[in-house]
Amino acid sequence: MYYKNIKRILSISLVLTGLLSATVAHGQKYKTMSDTTNLNKEYGEISLEISKLNTKLIEEKNKTADYHSKTSSSAGDAVATAQASKDQADVATNGNTTDTKKAVTDAKEADKKANNAKNAVSDEKKNNQKIKELSAQIDQKQKLLRDLDSQRAAIMVNASLPVALADSVHTN
């Protein structure tokens with residue numbers, strides 16, 4: 001009785017494994033051992049793309065620190081220059097022409113630094129968006145690699161399944 005249950009379980013397991021392998025093999029791009037060379041080629045290409053994307057991602061992350069410091073310093077410079085311009089404008093109200101010209105020059109410089117600060121913030125936002133896009137591309141490529149791994153495993157399982165051998169003793 002015990003051995004009959006074991007036989008049933010093993011035979012059902014073998015049938016289910018065969019069905020699972022057939023189902024997986026049906027929905028995949030690479031199905032036979034002869035396809036493994038193409039699979040390996042595609043795997044290598046995708047791995048190379050991932051490494052290039054990782055390099056770009058590292059570069060963009062390094063730029064983030066630069067943009068952040070540029071944003072901070074530009075904002076501080078803009079505030080300091082605006083204050084100096086305001087002080088110069090107070091002096092220029094006395095009617096001296098050179099003080100007025102100096103106030104105008106300081107105001108233009110303050111405006112330029114404020115625009116630089118605004119551009120730095122914009123650059124930092126663009127950089128963060130690019131980092132998100134690169135991360136998404138890397139995730140997509142890694143998903144493709146996992147799919148290729150599962151296809152390779154299915155090919156190996158199908159290759160290791162025993163083929164019905166001819167009975168050498170009872171041939172007709």
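Computed from a predicted structure; not experimentally measured.
Distance CG/Leu148 to CG/Leu39: 5.0 Å, rounded to 0.5 Å. Within the model, atoms OG of Ser51 and CG of Leu57 stand 12.5 Å from one another, a figure rounded to the nearest 0.5 Å. How far CG of Leu53 is from CG of Leu48: 9.5 Å, rounded to the nearest 0.5 Å. Between atom CD1 of residue Ile50 and atom CD1 of residue Ile138 there is a gap of 7.5 Å, rounded to the nearest 0.5 Å.
Evaluation of the salt bridge (charged side-chain N to carboxylate O under 4.0 Å, His left out) test over residues 48-57, restricted to residues two or more places apart or in two chains, returns Glu49-Lys141. Counting only residues at least two apart or in different chains, salt bridge (charged side-chain N to carboxylate O under 4.0 Å, His left out) contacts with residues 142-154 comprise Asp149-Arg152.
Under the salt bridge (Lys or Arg N to Asp or Glu O under 4.0 Å) criterion, Glu42 pairs with Lys29, sequence neighbours left out. Considering only residues two or more places apart in sequence or on other chains, Asn54 meets the side chain to side chain donor-acceptor pair (under 3.5 Å) condition with none of them.
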**Message:** Set out, in order, the CA-CA distance, both residues' side-chain angles and the distance that settles side chain to side chain contact (heavy atoms under 4.5 Å, CB included) for Asn62 and Ile58, then state yes or no.
**Reply:** CA-CA 6 Å; Asn62 289 340; Ile58 290 168; 3.8 Å; yes

Residues 121-131 side chain polar contacts: donor-acceptor under 3.5 Å, at least two apart:
from	atom 1	to	atom 2	distance (Å)
Glu124	OE1	Thr71	OG1	3.1
Glu124	OE2	His68	ND1	3.4
Asn127	OD1	Thr64	OG1	2.4
Asn127	ND2	Glu60	O	3.3
Asn127	ND2	Glu60	OE1	2.6
Asn128	ND2	Glu124	O	3.4

